[in-house]
Amino acid sequence: MIALSFEENKALLETEKGAALLVPALYLPTDEKIRARAMAYAENSLCRAFFALDGDVPVGLCIVQPGDQQAEILTLAVAKEHRKRGIGRGLIAHVHGQLTMPLLAETDDEAVGFYRRCGFCVTSLGEKYPGIIRYRCILSEEACL
């Protein structure tokens with residue numbers, strides 16, 4: 001049984017298990033790329049790092065960068081062995097509750113269904129990169145009106 005809790009804690013990006021959650025968000029991840037991305041997020045004063053914890057072990061991560069009108073999700077990831085348990089959905093709900101502003105994400109075919117199931121309004125951006133369709137996803141009270 002998972003004892004899930006949520007916590008905002010940039011310091012977890014500097015731990016091996018916290019930084020490892022960035023792997024799915026990186027193209028051809030290497031230890032160097034993982035450390036560099038974790039450090040970039042940790043040092044960016046605008047970024048906020050929210051973790052889902054199983055006890056004291058980080059199992060999910062949501063990096064957001066709040067702006068004036070909305071907060072952009074830069075990274076959302078759940079450890080492979082913990083997927084399909086509602087952790088990503090729980091992170092979205094927690095972050096949305098903490099920030100009380102619309103959440104914006106850009107994603108691809110692989111994750112667009114997840115965002116729809118979480119209540120995001122989805123708009124196709126078309127083929128943004130050769131052969132890759134991207135989607136703009138917004139979670140707010142007015143997004144789909």
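- Remark: the backbone N or O of R117 is paired with a side-chain donor or acceptor of R89 at under 3.5 angstrom.
- Residues L139 and C118 fail the side-chain proximity criterion, which asks for heavy atoms closer than 4.5 Å.
- Between I63 and L13 there is a side-chain heavy-atom pair separated by less than 4.5 Å.
- Inter-residue side-chain proximity for I133 and S124 is flagged as met; some heavy-atom pair is nearer than 4.5 Å.
- No side-chain heavy atom of E110 sits under 4.5 Å from any side-chain heavy atom of P24.
- Between P58 and G18, the shortest heavy-atom distance links the atoms CG-N, 3.8 Å.
- The number of heavy-atom neighbours closer than 6.0 Å to CD of E32, taken from other residues, nucleotides and ligands shown, is 12 or below.
- Note that CD of Q98 is 7.0 Å distant from CZ of R48, once rounded to the nearest 0.5 Å.
- Side-chain contact between L4 and R85 is absent, with no heavy-atom pair separated by less than 4.5 Å.
- Under the 4.5 Å side-chain criterion, counting only non-hydrogen atoms from C-beta, L91 is not in contact with F51.
- Applying the 6.0 Å contact sphere to CG of D109 captures more than 12 heavy atoms from other residues, nucleotides or ligands.
- To the nearest 0.5 angstrom, R116 atom CZ is 7.0 Å from Y135 atom OH.
- A pairwise comparison of heavy atoms in C47 and K10 identifies O-CE, 2.8 Å as the closest pair.
- Heavy atoms from other residues, nucleotides or ligands lying under 6.0 Å from CD of E16 number 12 at most.
- When the side chains of ILVMFWY residues are joined at heavy-atom separations under 4.5 Å, either directly or via intervening members, M39 and L22 end up in two distinct hydrophobic clusters.
- The line from CG of L53 to OG of S5 is 4.5 Å long, rounded to the nearest 0.5 Å.
- The CG atom of L125 lies 8.5 Å from the SG atom of C137; values are rounded to the nearest 0.5 Å.
- Atom NZ of K33 is surrounded by more than 12 heavy atoms from other residues, nucleotides or ligands within 6.0 Å.
- Side-chain contact between D108 and R134: present, with at least one pair of heavy atoms (C-beta onward) separated by less than 4.5 Å.
- The two residues A19 and I34 come nearest to each other via the heavy atoms O-CG2, 3.4 Å.
- Ring planes of F50 and H94: perpendicular class, angle over 60° (limits at 30 and 60°).
- Here CZ of R37 is found 4.5 Å from CG of L26. Values are rounded to the nearest 0.5 Å.
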Please table the atom pairs, donor to acceptor, closer than 3.5 Å between any side-chain atom in residues 65-80 and protein atoms at least two apart or in another chain.
residue, atom, partner, partner atom, Å
T75, OG1, Y41, OH, 2.8

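- Atom CZ in F120 sits 8.5 Å away from atom CG in L104 (nearest 0.5 Å).
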